[in-house]
Structure formats: C-alpha cells, structure tokens
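Below is one structure, written out as structure tokens, with a few remarks after it.
Only a predicted model underlies this, so the values are computations on that prediction, with no experimental measurement involved. Only this structure's heavy atoms are used, side chains among them; waters, hydrogens and symmetry mates stay out.
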Amino acid sequence: MRLKITLASNSPRRRQLMGWLGIAFEARPADIDESPLPGELPQPYVLRLAESKARAIGACSAQDCLVLAADTIVADGVALLGKPADAKEARAMLASLRGRLHQVHTALALFNPQDGTLITELCSTDVPMRAYTDSEMDAYIASGDPLDKAGAYAIQNVEFHPVEHFSGCYASVMGLPMCHLLRALGRLDKAPEIDVAQICRKKLNYDCPIFEAVRKGEAIG
C-alpha cells in the first residue's frame, strides 16, 4: 500500500521539504494552544506541541493515513524565540543572536490513528550566526521575511545568509529534519528508499556531514 501522510502543518517550508522527498501528503493544519507551560524548556516544549498536533489531527484523519506533525523553536539558552510580533521585535531578536551560537529544536511526531502508535524524533541543532551589520539586518527586516519565522530569520535566505560555518541538519532549521523523518518511518516499517543527502546537495547546496550518523540512530542534529 502506498504511503499516505496527513501533514499537520500549513508551513510553506515543511510542504516544500515534503515535496522534495516525494512522499504523498495532504496538509491539514492543527489548531492548538502553543503557549509554553510555566518554566517549560525548549526540547520538552517542541515535543509536547508536535505530539499535541499529531493527536489533534489524528482524531479526524482517515484510518489508512499516518499523521505527521512537527514543531520548531529557536532557543537562546532556555529562552524561547518564536515569531516576532513586529519589526521592532524582529530587530531585537536578530541583534541578540548576531555573532553568537544558539540552538534550533525541531520535534517530529508520527501518529497512526488505526492503532494509536506514536513515534517521536527530536533534532537539536547548533546554529552559529555571522556578525551581520546593522544595515544588513535592517534591509532584511524591511523585506518582511523575518516576520513569519521563529527567531526572526530563515537559514535559507540567500540575500541575508544569517548563518555561517554550519555543520548540523539544515532541513531541521527550516522546519523538517528529513533524515529524522525517514528514521521515524523506519521504526514503523514504512520508510521509502530516498537519498536525502542527495536532496540536500541538490536543493540546498549543502553537503550534510551528519546524515550517516542520523541513519545509524545517533542523537545528533
């Protein structure tokens, strides 16, 4: 039977990455409360949200589909950086991250409504930001791109190129760690044969140094 996935997200980046994988999917965003719990740390936060989204959509999904949910958060230490409310907040986030290392955490949840099986994956990635200038930062904010991005930036933005000396999972920072998704599907005996490393080289111009370690089951991002 052909793999069918209901993607519990309306993110253009996640839809794009799923398209690159060539996996058939239907996007059905989950409407849940994404407020952090008091004192909640970044990793438990994204895992909780991914699971909640998967279960919310799983309750109304076709029984022959797997539900895939994902959640991504930019973390500066234990501080959670979501999408900026306006240009002023975007500038504050970008100024704070400039020239420093921070983390991006993406959690995946695969839910099978037929038997209630839930598989989760967590990809935590170190992201080194370059020392961009004030004028570069202001031009990027003026483009409007930061306003719908967690942490106020897109790693894949060619004009701003905020990240340098990166060696983690590029796709995870975009919102969907493709190797981790295939690893999760493998745990359900549903992993298709896909060369993710080749996709990253072709689509992202990125020669991923960690895909073999992910495939072997290592906790690496």
Ile210: hydrophobic cluster co-members (side-chain, 4.5 Å): Val214, Ile220

Test applied, side chain to side chain contact (heavy atoms under 4.5 Å, CB included); reference residue, His102; option that passes from Leu81, Val127, Thr125, Asp126: Val127

Aromatic ring proximity Tyr132/Tyr140, centre distance under 6.0 Å: no

Side chains of Arg91 and Leu94 in contact at under 4.5 Å (non-hydrogen atoms): no

Backbone N/O of Ser172 and side chain of Thr106: donor-acceptor pair under 3.5 Å: yes

Residue pairs involving residues 19-44 (criterion ring pair (Phe, Tyr, Trp, His ring centres under 6.0 Å); sequence neighbours excluded): none

Heavy-atom check, side chain of Met93 versus side chain of Lys83, under 4.5 Å: no

Test log, rule side-chain hydrogen bond (donor to acceptor under 3.5 Å, both in side chains), inputs Arg13 and Gln16: CA-CA 5 Å; Arg13 273 76 59 188; Gln16 181 183 45; over 6 Å; no

Glu136 and Arg130 ion-paired at < 4.0 Å: yes

Heavy-atom side-chain proximity of Ile155 to Val104 below 4.5 angstrom: no

Remaining members of hydrophobic cluster (4.5 Å side-chain criterion), Val158: none

Salt-bridge criterion met for Asp195 and Lys202 (N-O under 4.0 Å): no

Within-4.5 Å side-chain heavy-atom neighbours: Asp71 and Glu34: yes

Heavy-atom side-chain contact between Lys149 and Asn157 under 4.5 Å: no

Expected output: side-chain Glu89 to main-chain Ala85 donor-acceptor under 3.5 Å: yes

Chi angles and distances behind the side-chain contact (heavy atoms from CB on, under 4.5 Å) call for Leu17, Ile199: CA-CA 10 Å; Leu17 291 161; Ile199 292 173; over 6 Å; no

Contact check, side chains of Met18 and Ile5, non-hydrogen atoms, under 4.5 Å: yes

Asp86, CG: over 12 other non-hydrogen atoms inside 6.0 angstrom: yes

Salt-bridge contact Arg201-Asp207 (side-chain N to carboxylate O under 4.0 Å): yes

Short side-chain to backbone donor-acceptor contact, Arg100 and Met129, under 3.5 Å: no

Within-4.5 Å side-chain heavy-atom neighbours: Leu49 and Ile73: no

Point-to-point distance, once rounded to the nearest 0.5 Å, from CG of Leu66 to CG of Leu7: 12.0 Å

Min side-chain heavy-atom separation Val163-Tyr170 under 4.5 Å: no

Arg187 side chain vs Thr120 backbone, donor-acceptor pair below 3.5 Å: yes

